[in-house]
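What follows is a set of notes on a single structure, which appears directly below.
Order of the sequence lines fixes the chain letters, A, B, ..., with proteins taken first and strands second; residue numbering starts at 1 for each chain.
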Amino acid sequence: MSSVTVGIIGIGFLVFIFLLGMPVGFAMAFVGFAGFCYLVTPEAGLSLLARDVFSSLSSHSLTVIPMFIFMGSIAFASGMSRRLYNAGYTIFGQMRGGLAMATIAACAGFAAMCGSTNATAAAMGRVSLPEMKRYNYDDSLATGSVAAAGSLGILIPPSTIFIVYGILTGESIGKLFVAGVLPGILLAILFIIVVSLLCLRNPSIAPRGAPTSWREKLAGLTGVIEMLVLFILVVGGLFLGWFSPTQAGGAGAAGALLIGLSRRQLNWKGFLFAVKDALRITCMVMVIVTGAIVFGHFIAISKIPLVLADWVGGLPLPSAAIMGLIVLMYLIGGCFMDALALITLTIPIIFPLVLTMGFDPIWFGVIIVLVTEMGVITPPVGVNVYVIKGIAKDVPLETIFKGIFPFLGALIVAVGILMAFPQIATFLPSLTTY
Amino acid sequence: MLNSLEKFANSLSNWLNWVAGAGLVAMLGLVVADIIGIKLFSWPIPGGIEIVAFLGVVVTGFAIAYTQVLREHIKVEFVVMRLPQRAQSVIAAFVTLLGLVLFVLLAWQSVEYGLSLAAKGTVSMTRGIPFYPFVHAIAFCCVPICLLLLVEFFRSVMKAVKG
């Protein structure tokens with residue numbers, strides 16, 4: 001059997017055990033080492049397993065993951081999500097759909113401190129959903145807006161997906177972070193436009209909130225200022241080359257800790273919650289990344305990426321059409337698989353092809369994040385939707401999915417804009433000093 | 001028997017999770033101290049990067065079992081959920097067995113790999129910290145997860161047999 005055939009059988013078996021419910025990281029490590037055993041020798045495969053696991057867990061470049069996750073957990077435990085929502089409310093609250101807009105703005109703000117979609121959706125959902133219920137918002141709009149805006153967590157830096165993409169491809173995490181800023185703002189604006197359009201069509205779905213005084217507006221701004229301070233420290237530090245990614249995450253976590261302590265919002269119990277929360281998410285991510293590294297070694301010796309790149313390169317299609325097909329593949333894959341799992345599984349295979357076709361790898365990273373954002377809100381495996389369902393227990397799942405669709409449209413528009421104007425993603429990274 | 005084994009594995013996982021927590025806090029402290037050292041005093045902590053990297057083993061390795069206790073390792077559930085209960089139990093037994101094989105092999109190979117590093121005297125470049133205790137730590141962290149998977153395997157088999 002040729003190595004490519006073994007590789008294809010390996011991928012097929014992997015998808016099979018994914019669907020049987022084996023944890024994604026375990027499944028990738030299992031198939032990776034088993035395939036390596038078959039293609040090289042059993043001794044080499046077994047040795048690869050232990051070496052890859054140790055080198056992945058003890059890799060300094062991967063310590064960026066716990067640091068940024070810890071930052072998000074401390075920011076949540078320090079009540080920053082509530083303060084951001086309050087700030088958004090004072091600005092947008094009196095408009096029709098204002099609470100949903102405030103939620104989107106607050107999600108964008110929280111995404112500047114947190115790198116995960118479900119953590120952003122959970123943090124903002126806990127704060128904003130009870131408020132929208134109190135003002136008789138339509139359930140679909142309320143839940144759909146939080147689930148969709150939560151997905152900004154991986155586009156606006158810091159972002160777990162950018163970190164993992166950077167590690168798997170060798171691209172600069174700092175450049176990827178900076179590349180996500182403008183598309184993140186663009187997408188947040190598109191989401192807000194969607195809310196306005198929905199309210200124009202049917203004003204009863206989103207009544208106006210209570211008016212707020214100037215004093216309240218000014219007080220609300222402190223929530224924005226602390227977020228901006230952290231964001232400038234972390235992303236500015238990366239942008240100017242002051243910090244390595246791990247240092248930026250550490251500075252952000254320490255900054256969030258200081259803000260929480262100085263505002264007397266973070267007590268010992270809250271800190272322990274943040275530690276446990278960060279450990280849980282770190283472990284989830286690291287197990288998948290480690291599994292992907294083992295699997296990536298198997299895929300590399302199977303020569304599938306080379307053969308695929310050759311084959312696609314020989315197709316009589318323009319590269320834009322091929323990119324369209326890749327995006328479609330991610331879109332469909334994202335419906336059925338977790339975002340991180342999909343990226344770690346496919347990047348070792350697809351990335352060489354993207355480079356061969358001459359696409360900018362940083363731009364491609366942003367596109368991948370946008371497409372996986374769709375994946376986290378589309379049925380049947382829309383993680384954010386399940387997170388929101390966990391908070392809004394009385395809202396049927398179908399109602400949340402129904403609320404998602406207009407926002408999905410905004411995401412598709414954003415991908416189109418990024419395809420037509422790649423500079424939106426590549427301009428800021430081109431200014432970085434390293 | 002299964003209950004007491006599970007209780008022991010849960011309690012061990014919980015303790016290891018606290019070790020991981022201490023590792024995370026230490027990692028943050030070290031990264032921040034390194035930044036302050038570099039930016040303010042032009043004096044990075046000697047071997048700071050190495051220690052942070054080794055703490056990475058503590059943070060993830062020691063938290064893996066507890067994450068399994070919480071059932072938080074990401075998996076695709078929507079297909080299996082639609083199947084009858086008995087089929088779900090058979091499938092759970094199968095995938096748990098695969099996981100068990102993986103972690104038993106990882107534990108064994110990590111012991112072997114650690115021994116080979118110890119024999120060669122492999123140490124980190126700046127501080128001369130030996131690698132092997134961290135590789136053996138990974139093997140040790142596999143113990144509670146293997147116990148948890150073993151309990152889950154037997155439970156799934158029993159469910160599948162009883163229907």
Among the options [options], pick out the one with the most heavy-atom pairs lying under 4.5 Å from chain B.
options: A/L279, A/T63, A/I65, A/V24; answer: A/L279
options: A/A253, A/A29, A/A50, A/S47; answer: A/A50
options: A/F30, A/F33, A/F18, A/F271; answer: A/F30

Between [X] and chain A, with a heavy-atom cut-off of 4.5 Å, which part of the residue counts as in contact: side chain, backbone, both or neither?
X: B/Y113; result: side chain
X: B/Q68; result: side chain
X: B/V95; result: both
X: B/L97; result: neither
X: B/V101; result: side chain
X: B/I64; result: both
X: B/I38; result: side chain
X: B/V32; result: side chain

Restricting to non-hydrogen atoms, name the atom on [X] and the atom on [Y] that form the minimum distance, rounded to 0.1 Å.
X: A/R280; Y: B/L70; answer: CD-CD1, 3.8 Å
X: B/N17; Y: A/K276; answer: ND2-CE, 4.2 Å
X: A/V275; Y: B/G21; answer: CG1-CA, 3.7 Å
X: B/T60; Y: A/C283; answer: O-SG, 4.0 Å
X: A/W242; Y: B/K39; answer: O-NZ, 2.6 Å
X: B/V80; Y: A/L19; answer: CG2-O, 3.3 Å

Quick check on the interface: out of B/F62, B/F103, B/F54, B/W108, who has the most heavy-atom pairs with chain A under 4.5 Å? B/F103
Of all of B/V52, B/I49, B/L30, which one pairs up most often with chain A through heavy atoms under 4.5 Å apart? B/I49
Within a reach of under 6.0 Å around [atom1] of [X], are more than 12 heavy atoms found that belong to other residues, nucleotides or ligands?
X: A/F13; atom1: CZ; result: yes
X: A/F401; atom1: CZ; result: yes
X: A/Y386; atom1: OH; result: yes

Of A/S58, A/S56, A/S59, which is the lone residue that meets side chain to side chain contact (heavy atoms under 4.5 Å, CB included) with B/V57? A/S58
From the options A/D52, A/V53, A/L46, select the one residue that forms a side chain to side chain contact (heavy atoms under 4.5 Å, CB included) with B/L106. A/V53
Inter-residue atom distance [X].[atom1] - [Y].[atom2], 0.5 Å rounding:
X: A/T246; Y: B/D34; atom1: OG1; atom2: CG; result: 10.5 Å
X: B/S110; Y: A/R51; atom1: OG; atom2: CZ; result: 11.0 Å
X: A/I69; Y: B/L24; atom1: CD1; atom2: CG; result: 9.5 Å
X: A/M67; Y: B/L28; atom1: CE; atom2: CG; result: 5.0 Å
X: A/M22; Y: B/I91; atom1: CE; atom2: CD1; result: 13.5 Å
X: A/T282; Y: B/M27; atom1: OG1; atom2: CE; result: 8.5 Å

Contact class of [X] relative to chain B, heavy atoms under 4.5 angstrom:
X: A/I281; answer: neither
X: A/L20; answer: both
X: A/F54; answer: both

Is there a side-chain contact between B/L102 and A/L49 in this structure, where contact means two heavy atoms from C-beta onward sitting under 4.5 Å apart? yes
Looking at side-chain heavy atoms only, is the closest gap between A/I17 and B/F94 below 4.5 Å? yes
Between A/F26 and B/H73, what is the ring plane arrangement, given parallel below 30°, perpendicular above 60°, and tilted in between? tilted
